[in-house]
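Structure first, then comments.
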Amino acid sequence: MSIETLYDKDGDINALQGRTVAVIGYGSQGHAHAQNLRDSGVNVIVANRRESDNGKLAIEHGFDPLPVDEAVKQAGEGGLIIVTLPDEVQPDVYSASIGPNLKAGMTLGCTHGFNIHFKTITPPEDVDVVMVAPKGPGHTVRSEFERGGGVPCLLAVEQNKSGQAFETAMAWAIGVGGGKGGILKTNFKDECETDLFGEQTVLCGGLSELIKAGFEVLTEAGYPPELAYFEVCHELKLIIDLIIRGGLSYMRYSISNTAEFGDYHTGPKIIDDATKQRMREALTDIQTGKFAETFRGDFAKDFQWFKAQREKDHAHPVEQVGKELRRMMPWLKPVEI
Ligand code: NDP
Ligand code: MG
């Protein structure tokens, strides 16, 4: 491994003893951090709107959700404030309810470096600032913990006023189960920029456009949309599962020779140097903060552009035919948005 990887033995959950952890938000990440830490013996309080679905869930799970400012005040001296609100919401909630209640010696914790790295949240100098970012969705962070394991986490320290920021972050990471899977030591910049790059160019942006383009080429050439859907979307699951288990080599070992030959023959013509150059440009936009600025600008306009894109792609034929076909495959547990 090229980066330092830590486990349970490298830290001590007791670094959180006698302290209060306030988990702000009870969504995907929030519910997992709050419950795992509580099950690890840590004193946890939760902030969320009581009447929303997440608020009700927190109550069902035995928490007593507080307003954000109240939770930060109650965490008090030595408190660790874990912010698990949507990234675009964090700056406003921070300015109104978190920042004004942070006292010297407290720790501000995030599960993604976005707002700290792009300075849309600037914590006071007398607090510690750390990150524990599980590399999985919240429900997996919870279910793996319940199974006795844990999802690997990235850990970073941005500000170490107390001299104990790393110990605090390790205790948090261990408390959510990360010490079983592995805690990879990194920094806010690397976590944030690689995360944005991955989701934009490969995982979400790249893949969605690849699916749409493949579907359009086949249907524009007169092939039935049902066949196009199976070939450019449905079968992805099979391929991804193989890659995740054993890399590209295992995927290629499992597919036919015809498919593997075609992979080497045609793949590089689709994703070529020009694609890579555009990926570099996307990375530059991320590094310079241009993407973050665009994101915030649209949020300030009530996500006008964002919502229009969502609507447009929702109406794409691949989505329409996909919905019909998934109804024929109940074992996929189809979901309609
Ligand atoms: P969710 O959308 O699942 O949850 C957001 C929470 O914030 C909800 O409890 C919601 O409460 C609350 N909330 C939303 N808007 C407001 C508001 N205006 N004021 C007060 N509370 C509000 O978020 P995620 O868990 O997905 O993301 C949280 C953080 O974790 C982000 O920084 C994200 O980047 C990071 N992260 C997410 C991962 C994931 O897999 N989802 C993985 C790793 C990191 P309510 O129900 O009342 O609206
Ligand atoms: Mg991501």
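Keep in mind that this is a model prediction, so the values were computed, not measured. Each ligand, and each atom within it, is numbered from 1 in the order the structure gives.
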Taking D298 first and then K307, would you say they form a salt bridge - that is, a charged N and a carboxylate O separated by under 4.0 Å?
no

Report yes or no: does a heavy atom of D53 sit under 4.0 Å from some atom of ligand 1?
no

Among non-hydrogen protein atoms, atom 11 (O) of ligand 1 lies closest to N48 OD1, 3.2 Å

Measure from atom 48 (O) of ligand 1 to every heavy atom in Q29, R49, H112, R50 and give the option owning the shortest one.
R49

At under 4.0 Å between heavy atoms, what of Q90 touches ligand 1? The answer is side chain

Among all protein heavy atoms in this structure, tell me which lies nearest to atom 32 (O) of ligand 1, with the distance rounded to 0.1 Å.
D87 OD1, 2.6 Å

Identify the protein heavy atom lying closest to atom 4 (O) of ligand 1, giving its residue, its atom name and the separation to 0.1 Å.
G27 CA, 3.3 Å

Just heavy atoms, cut-off under 4.0 Å: does S28 contact ligand 1 by side chain, backbone, both, or neither?
both

At under 4.0 Å between heavy atoms, what of L85 touches ligand 1? The answer is both

Shortest non-hydrogen contact from I211 to C233?
CG2-CB, 4.1 Å

Taking all heavy atoms of V46 and all of Y26, pick out the closest pair and write down the distance.
CG1-CD1, 3.8 Å

Using the salt bridge (charged side-chain N to carboxylate O under 4.0 Å, His left out) rule, take D241 and K237 through it: C-alpha gap first, then chi angles, then the decisive distance, then the call.
CA-CA 6 Å; D241 282 350; K237 164 95 173 92; 2.5 Å; yes

Can you find a non-hydrogen atom of P86 under 4.0 Å from ligand 1?
yes

Basic-acidic side-chain contact under 4.0 Å: R326, E336:
no

Ligand 1 contact on T111 by region, counting heavy-atom pairs under 4.0 Å:
both

Under a 3.5 Å threshold, yes or no: a donor from one side chain and an acceptor from the other, between D92 and S95?
no

Enumerate the atoms of ligand 1 whose separation from the nearest heavy atom of G25 is less than 4.0 angstrom.
9 (O)

Which atoms of ligand 1 sit under 4.0 Å from any heavy atom of V89?
15 (N), 16 (C), 17 (C), 18 (N)

Check this for me - ligand 1, S52, N or O atoms closer than 3.5 angstrom, yes or no?
yes

Geometric cation-pi criterion, R38 with F63: 6.0 Å, 45°
yes

Specify the protein heavy atom at minimum distance from atom 23 (O) of ligand 1: its residue, its atom name, and the distance to 0.1 Å.
T84 O, 4.2 Å

Side chains of R142 and N36, donor plus acceptor under 3.5 Å
yes

Determine yes or no for a side-chain-to-main-chain donor-acceptor pair under 3.5 angstrom, with T107 supplying the side chain and D128 the backbone.
no

Per side chain to side chain contact (heavy atoms under 4.5 Å, CB included), I116 is matched among Q90, E158, K189, Q159 by E158

To check your reading of the model: name the closest protein heavy atom to atom 8 (C) of ligand 1, its residue, and the distance in Å.
N54 ND2, 3.5 Å

Heavy-atom distances under 4.0 Å decide this one: backbone, side chain, both or neither, for P134 against ligand 1?
backbone

With atoms numbered from 1 as shown, which atoms in ligand 1 lie under 4.0 angstrom from a non-hydrogen atom of P137?
40 (O)

Using 30° and 60° as the class boundaries, would you call the ring planes of F295 and F114 parallel, tilted or perpendicular?
perpendicular

Would you check the N or O atoms of V68, main chain and side chain alike, for any that come under 3.5 Å of an N or O of ligand 1?
no

